[in-house]
There are 4 protein chains.
Amino acid sequence: MSNTFGNILRLTTYGESHGVAVGGILDGMPSGYKIDIAAIQAALDRRRPGQSVITTSRREADRVEILSGLMDGVTTGTPIAFEVRNADHHSSDYDNMAHTFRPSHADYTYTARYGIRDHRGGGRSSARETLARVAAGAIAAQALAEHGIDIYAYTRRVGDIALTEQYTAYDPALIESNIVRCPDKSTAERMIALIEQVKAEGDTIGGVVECVIKGCPAGLGDPVFGKLHAMLGAAMLGINAAKGFDYGMGFDGVGLRGSEAMDPFEVDPATGRVSFAANHSGGIQGGISNGADIYFSVAFKPVATLLREVATINDSGESVTLRARGRHDPCVVSRAVPIVEAMAALTILDAMLGARCARR
Amino acid sequence: MSNTFGNILRLTTYGESHGVAVGGILDGMPSGYKIDIAAIQAALDRRRPGQSVITTSRREADRVEILSGLMDGVTTGTPIAFEVRNADHHSSDYDNMAHTFRPSHADYTYTARYGIRDHRGGGRSSARETLARVAAGAIAAQALAEHGIDIYAYTRRVGDIALTEQYTAYDPALIESNIVRCPDKSTAERMIALIEQVKAEGDTIGGVVECVIKGCPAGLGDPVFGKLHAMLGAAMLGINAAKGFDYGMGFDGVGLRGSEAMDPFEVDPATGRVSFAANHSGGIQGGISNGADIYFSVAFKPVATLLREVATINDSGESVTLRARGRHDPCVVSRAVPIVEAMAALTILDAMLGARCARR
Amino acid sequence: MSNTFGNILRLTTYGESHGVAVGGILDGMPSGYKIDIAAIQAALDRRRPGQSVITTSRREADRVEILSGLMDGVTTGTPIAFEVRNADHHSSDYDNMAHTFRPSHADYTYTARYGIRDHRGGGRSSARETLARVAAGAIAAQALAEHGIDIYAYTRRVGDIALTEQYTAYDPALIESNIVRCPDKSTAERMIALIEQVKAEGDTIGGVVECVIKGCPAGLGDPVFGKLHAMLGAAMLGINAAKGFDYGMGFDGVGLRGSEAMDPFEVDPATGRVSFAANHSGGIQGGISNGADIYFSVAFKPVATLLREVATINDSGESVTLRARGRHDPCVVSRAVPIVEAMAALTILDAMLGARCARR
Amino acid sequence: MSNTFGNILRLTTYGESHGVAVGGILDGMPSGYKIDIAAIQAALDRRRPGQSVITTSRREADRVEILSGLMDGVTTGTPIAFEVRNADHHSSDYDNMAHTFRPSHADYTYTARYGIRDHRGGGRSSARETLARVAAGAIAAQALAEHGIDIYAYTRRVGDIALTEQYTAYDPALIESNIVRCPDKSTAERMIALIEQVKAEGDTIGGVVECVIKGCPAGLGDPVFGKLHAMLGAAMLGINAAKGFDYGMGFDGVGLRGSEAMDPFEVDPATGRVSFAANHSGGIQGGISNGADIYFSVAFKPVATLLREVATINDSGESVTLRARGRHDPCVVSRAVPIVEAMAALTILDAMLGARCARR
C-alpha cells in the first residue's frame, strides 16, 4: 500500500527531494536486536551521490538520526523512526520546473494522479526517497546477520558490457574495489569507460544489478500470492528506474528443457542434510525458499535526465525546451546496489517473521 | 499476504488439487457492474487442460458456481464467492507421492515450511489453484470493459522461438486462432512443432507470455512501493512457474542510451490531448500510468514434471526413482495466457479504485 | 477491511441470507492443529435459530462442509474454506421488501452506500452471515484449547434483569442448562419469563453477553492501535445488533478511585510466578494481556423486527405499513453467545500469532 | 496493525515519552486539502498537560513540525510526516524505574511481550504518544470541515457526577469555557471540585467522554467487520486508559423494548429528504451511517499513577515501595477530549475514502 512496504515488518517512508526531511518508520521490528547506527550511516554513504566521477557530484550530507525504538542500541519492539534532514530544502532553483513536464519522468503522471505535484527536484519521485529504504534496510540487514543471513549486490551489466559467469564465479569482497561496484576488475574498467563516454555525450545508460542472499533457511515465503520471489520482485520493481526482475535461471531459463533446468537433490550421507546439485531455481521452489542461495537480477533503464537540451511540453500543452539543472547520474546502477540490498533485507526479514506463524 | 491479492479489491483463494473444491472470494468489488457468468466460464475453459494436443489431456469439468454478491446478475458490493468442485478429489492415486520430494517442485519446500503437505496432485501448489484467479479475473475484466479497458495476452516465445516485432505488430484477434495462442501464424506453427518434439522426448520447455493493456487512464498506481508495475510484477511472479517480469523496454532497455529511450510528449493541437511519440516506458512513468498502452512480459520456466523416470529422494533422505502419473503439459505458456490476463485485470481494477482516493 | 477480520489469522466471509450459501475462508491458520469437524457443527447448532421457544422457529439445517486446508483432520497451513448451503435460497417471499426500508434496519443505509441491496431476508445484513464467524471461531477455539486457553460466554442481562455478581461467581458448566444461556438458574428463569412476555407483546428486548477468556498467556496484544481490548472491541462491535463493549471494570470503573481500582501484584514465593490480587484491569494492561482472566461485556440492542405492524417508508419516500414475515427472535442474546465466543477465539489466536514476532 | 491505524488513510506513529521525538506519518491523505498548521498546533495545545490546576503541571512545549506532504499549505497526496521533539529526552530521572513494575500500568506486560522495555517515563506506553494522534487528527478534521463534517467531544462524566441530558441539550460552544471541558457550567463546577478533592487525597478518578459527529453523509462504513461503529470503537479503545465504548442508545438501550428503540423515518414533503424522528441508532444502522448525528461515549478508568506511596514488585519479584515522580493528572478526561476528537476525525475521513469505492 502506497508508502508502506511489508506485512509484519513494515517500512513507511516520507519525504520530498527538497522538503524538510526524508525518513521513515520501521514498524514490527522484533525486540532484542543490537543495532549499530554507524552501520546505517555507512549504508547511506554508499547510496550517496557524489561518491565518484561517474555519479552526480551533488553534495548531500545525509546524516541519519534515530528518533525512537532503540534503548542502549537494542531494539525494543516499538517503531524505529529515523530521518535525514535535507540541506537545501525549499529551493527556488526549481521554479522553472513548476509547469514543465520532463519527458519519461513522473511529472506528467503525478499531475494526472494528484492534480498537483511538488516540482522541486522531482519532489516525492526523486531517488532521494530511497534514502529511507537504505536506512531501514541497514537495520534489517543487521538483524539478518545475527541469523547468519548475508546479502550482497553488485553491478552485472552496464549498457552492453556484462559479466559472463554465474554469481558463484565472483568474489563479493571485490565489489567495493571499484566505483561501478562490479566484482570483476576488467569488466568494471570497461563499464566505467562506457559510463564516462556516455556522460561526455550528455547521455545516460542503463544496467543490471544482481543480488545474492546466502544463508537463508528453507521455508520462507507464502506459497500463493506472497511467493518469496513475488515479494522480492515487488520490492525491486518499486525502486526508481527499475524495468525488470528475474530470479534463478530467469528469462534465460525459457530456452532450457525441463531436463536441463532440474535441480537434483543431494543428501549428505553423514549429516542427512539436503542440498541441491544445481540451482536453476534460484533458491526458491513453489514460492518458498529451499535453503540454497537466492539470486536475482534487476534491470534499470537509462535515466531520463539528459545533460543536454530536450524538447518537451508544459502543463498548458505548449512546446518548451528544457535543460536539466544541477548534476545527474549518467548511470544509476552503482548507486542502486545498496538500495537493492536494502529492499532484499527488508523482504527476507519480513518473510522470516511470517514463517514463525506457519506451524503450530 | 498469503492467499489474498490486492488492496481495495481483494481476491482470497483456497483449494487443493485433489481436495473438495477450488474457489475464492472477491471482496471490494463495487456495486453496479453487470456480470455475465458465461464469460467467467469461458475464461475457465481457456485455462482448462486438455484443450489441445500440446496440453495435458486430463479432463476437468471445471464448472464455476457463484455463491454470493450478485443480484439479477449485477454486483451488489458484497463479496462474490465462487467455487469449482473437484471431480476426482481425495484420490488415492497419489499415495506413492506422500513421502517423495519431486525435484524442482514445491514438495520439499512446503514440507520445510509447514512440516506437513497435501501430496495429492501437488495439493495447494498445483496450478489448479489458478482456476480461482481466472474466475475472479474474468469478473474484473468485465468491469474494466465497462470503463473501456481491454486486456489481452499471448505467447511471445517458446524455447528459442520468439516473435520478433513489438506488440503493436500483432493482431489480438489471431491469438485464439491456434493452440499455442501466438498471434503470428508461422511462428505459432514453429512453436507447436517444438512443443510436440519436446513432448515426444518426454521433456518440457519454457516460454514467455506478453500482455497488453489498452485504454488504461493516466493516473493509476501508487508512486512509491505500490508502483503500478510493481503491483503487476508481484501479480505475475505469483503465477506458478513464473521466473521473470519486465515491462516497457524491460531488460532490453538496459542497452539503450537515455536519448534513445525517451518518450517525447505529443499534443493534439485540436483537442489538447497529450500522447507520446514512443512508448519505451510501457505506459507507466514513475510508477503511475500515463494513458499509453501498458505492456509487459512474463517468463515461464520449463515445468519440472518430465514424462520420464527421474531420480530423486524421499523424506527419509533415501534415493528413489520417480515416474510422473497422469498427463502433464510439456509447455505451460498457452494455458498461462488467461491467467496472466486475469491477474492483470485484478491489478488494474484495484489500481482504479485506489486512484479514486488520490484527490480531494 | 470490509469482509476480512484479523491480521495474521484472517477470516473472510461471504453470503447473503437467501443466496446460494454462506461461508468463509480462514487463512493464516498454522499447520499441525487437529480439527474436529463435529465440534464446528456443534458450534453452529448452538447459533442456530429454532433451538427453543424464545428463539425464532425458522428451521435451518446449517450443515457445514470443509472444502480445503485439512488433511486427515489436521491443518496443513493452507486456507480453510467452509460453507453452509442455504436451504431456502432465492425466495420470492421477500418480493414485497424490495422497495421498503424497515426502520432501524440496514435497508436504507445499504441503499445509501451501494445504490442497490439484496432485500431477500436482509441479504448480507442478515445475522445469518454470523454462521461463518461461528464456524471459523470453532476452528480457532480448538487450536486455543491445545494451548490451554478456554473461552466461554453467557447472558449477563436481559432487559433490566441482570446477574449481580462478578463472573467468578458463576459456573460455566451451567450456561447450557437453560435456553437463555445464563449460568444462574433463578436469573435465567426471570429472563426467560421476560422474553416470553415481550414476545407475547410482539415486541423485542436487548441484553448483555459477558465473555471470559481463561489461560491466556501474558504478552498478547499490540500496544498502540492494536491493543488487545481494541481488537476484541472491534470484533464484538462488528456483531449484528451490538451497541457497546467494555472490559474489566469497564463503564462501572469510572466511578472508582485509582486507589480502589488498582490490581496489586502477587508473587508466589515458591515458584516466583506473578499473579494479581485483583483484576479491575480485566486481564489487559497497556493493551497487552497480563496472564489474568480476560473478561468483557457486549451490549445488544432490542432487535428492530417487531412482530406487529410498523409504519415506515419505501424507496420512493412514501409511507407504507410493514408486517414482518417469518419468525424472528424477541431477544438475540442467547444466540449471540456462541458468536461472541467465536469472535473472541479468532482475536486471541491472531494475537498469539502476532506475539511470536515480538521478540528476536 | 500495531502502530498503524486506518485502511486507506493510515496513521503510523512512533516515539517514546523520553526518546528524541514523538511523531507520525499520515499516509493516504488525498491531494488538494488546505491545511492550517496553526490549527494543528492549537489541537496539540488542547491536549497538552499543564493547562489548568486539574491537569499535570509538567511543562511541554510540544511544537509540531511538518516534514513533508504539503506544498504551499496544500496536501499533495504524498505522506505527511510530522514530529514533536521531546524537550527532556534521555532523562536519568527514571533510573529507579528500570526494574520496577508499577501496578495497573503497562510495565509488566511490555516486559512480558518484548523482554525489554523503555522505562523512562513509561516509554511507548506513555500518553505522550497521543500527541501524534492529535496532530494527525487535526489534519483530518480540517479536511472533514471542507465537506461540512464537524466533530466535537466533551466530558460527560467524572466519577459519579454526570450530565443528565442527551447531547442535543448542550451547546458545544461552552465546552472550552471551563477547564474540565463540560458544556454545562454547574456540572463542570462540581466535576472540578471532585477532581480537586481527589487530587488532594493523592488519588485519581475516572470519567466518560462523549463525542458527536455532525454532517456525516449516509453510506459510510463497511457493513460486516468494518462497521463504522466497530472502527470508531477500535479507535477509541486504542486510547490510553479507555475501558469501554458505546454508541447511540448504547448499554442503556439494553433495557428498552424494540418498539421504544425504533427510529422512524421522516420524509420532508418538499425536498423528499429522508431524516429520522429519533436517533437511538446513533447515526449508524447495520454498520453504515444513515446521515443523522453520530454520537458515542468512551469510558476512561481512574489512572493508575497515584500521588502517594504504593507497594509493588520489581522484575526480580521482590516487594518494593514506589512513589511517583513528577506531576500526574488526577483525571484524564479533559485531556482525552481532543484525543477522542482526533481519532474520530481519522476514522470518519478513512470511511469517506472507503465509500468512494463502494459503487461503480
Side-chain angles (χ1 to χ4, degrees), chain C residues 1-3 5 7 103-104 106 109 112-115 125 159-160 203-204 206-208 218-219 222 224-227 229-230 233-234 237-238 243-246 250-251 253-259 261-265 267 272 281 285-286 288 290 299 301-304 306 312-313 317 358-359, chain D residues 1-3 5 7 103-104 106 109 112-115 125 159-160 203-204 206-208 218-219 222 224-227 229-230 233-234 237-238 243-246 250-251 253-259 261-265 267 272 281 285-286 288 290 299 301-304 306 312-313 317 358-359:
Chain C
M1 281 175 300
S2 199
N3 298 281
F5 178 82
N7 290 314
S104 292
T109 55
R113 182 172 181 83
Y114 297 109
S125 72
D160 290 328
D203 214 331
T204 64
V208 171
D222 265 331
V224 178
F225 299 114
K227 287 184 169 78
H229 58 265
L237 292 162
K243 297 300 286 186
F245 168 88
D246 65 359
F251 274 91
V254 167
L256 298 180
R257 301 292 162 97
S259 56
M262 199 155 287
D263 296 334
F265 288 100
V267 182
S281 299
Q285 291 170 332
I288 305 172
N290 67 4
K301 69 171 183 178
V303 287
L306 308 189
T312 190
I313 62 170
R359 298 190 188 197
Chain D
M1 283 176 300
S2 199
N3 298 281
F5 179 81
N7 289 314
S104 292
T109 54
R113 183 173 180 82
Y114 297 109
S125 72
D160 291 328
D203 215 331
T204 63
V208 173
D222 265 330
V224 178
F225 299 114
K227 288 184 168 78
H229 57 265
L237 292 162
K243 296 300 287 186
F245 167 89
D246 66 0
F251 274 91
V254 167
L256 298 180
R257 302 289 163 100
S259 54
M262 200 156 287
D263 297 334
F265 288 99
V267 183
S281 300
Q285 291 170 332
I288 305 173
N290 67 3
K301 69 172 184 178
V303 288
L306 308 188
T312 190
I313 63 169
R359 296 190 190 198

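In what follows, chains are A, B, ... by sequence order, proteins preceding strands, each numbered from 1.
By number of non-hydrogen pairs under 4.5 angstrom with chain C, the leading residue of Ala261(D), Gly233(D), Gly250(D) is Gly250(D). No other option in Leu256(D), Val303(D), Asp160(D) has as many heavy-atom pairs under 4.5 Å with chain C as Leu256(D). Heavy-atom pairs under 4.5 Å with chain C peak, among Pro103(D), Pro302(D), Gly286(D), at Pro302(D). Here Gly258(C) is the residue among Gly238(C), Gly206(C), Gly244(C), Gly258(C) with the most heavy-atom pairs under 4.5 Å with chain D. Most heavy-atom pairs under 4.5 Å with chain C: of the set Gly207(D), Gly272(D), Gly253(D), this distinction falls to Gly207(D). Here Ile288(D) is the residue among Asp246(D), Thr204(D), Ile288(D), Ile313(D) with the most heavy-atom pairs under 4.5 Å with chain C.
When heavy atoms are compared at a cutoff of 4.5 Å, Val208(D) approaches chain C by way of both its backbone and its side chain. Contacts between Val224(D) and chain C at a heavy-atom distance below 4.5 Å involve backbone atoms as well as side-chain atoms. In this structure, the portion of Val267(C) lying under 4.5 Å from any heavy atom of chain D is its side chain and not its backbone.
Scanning all heavy atoms of the two residues, the minimum distance from Thr109(D) to Asn290(C) falls at CG2-CB, 3.5 Å. Scanning both residues, Ala234(C) and Ala230(D), for their nearest heavy atoms gives O-CB, 3.7 Å. In this structure, Tyr114(C) and Ala358(D) approach most closely via the heavy-atom pair CD2-O, 3.5 Å.
In this structure the side chain of Ser104(C) reaches within 4.5 angstrom of the side chain of Met262(D), judged on heavy atoms. Between Arg113(C) and Asp222(D), the closest side-chain pair of non-hydrogen atoms falls below 4.5 Å.
Here CG of Asp203(C) is found 3.0 Å from OG of Ser259(D). Values are rounded to the nearest 0.5 Å. Lys243(D) contributes atom NZ, which lies 9.5 Å from atom CZ of Phe245(C) (distance to the nearest 0.5 angstrom). Rounded to the nearest 0.5 Å, atoms NZ (Lys301(D)) and OG (Ser281(C)) are 5.5 Å apart.
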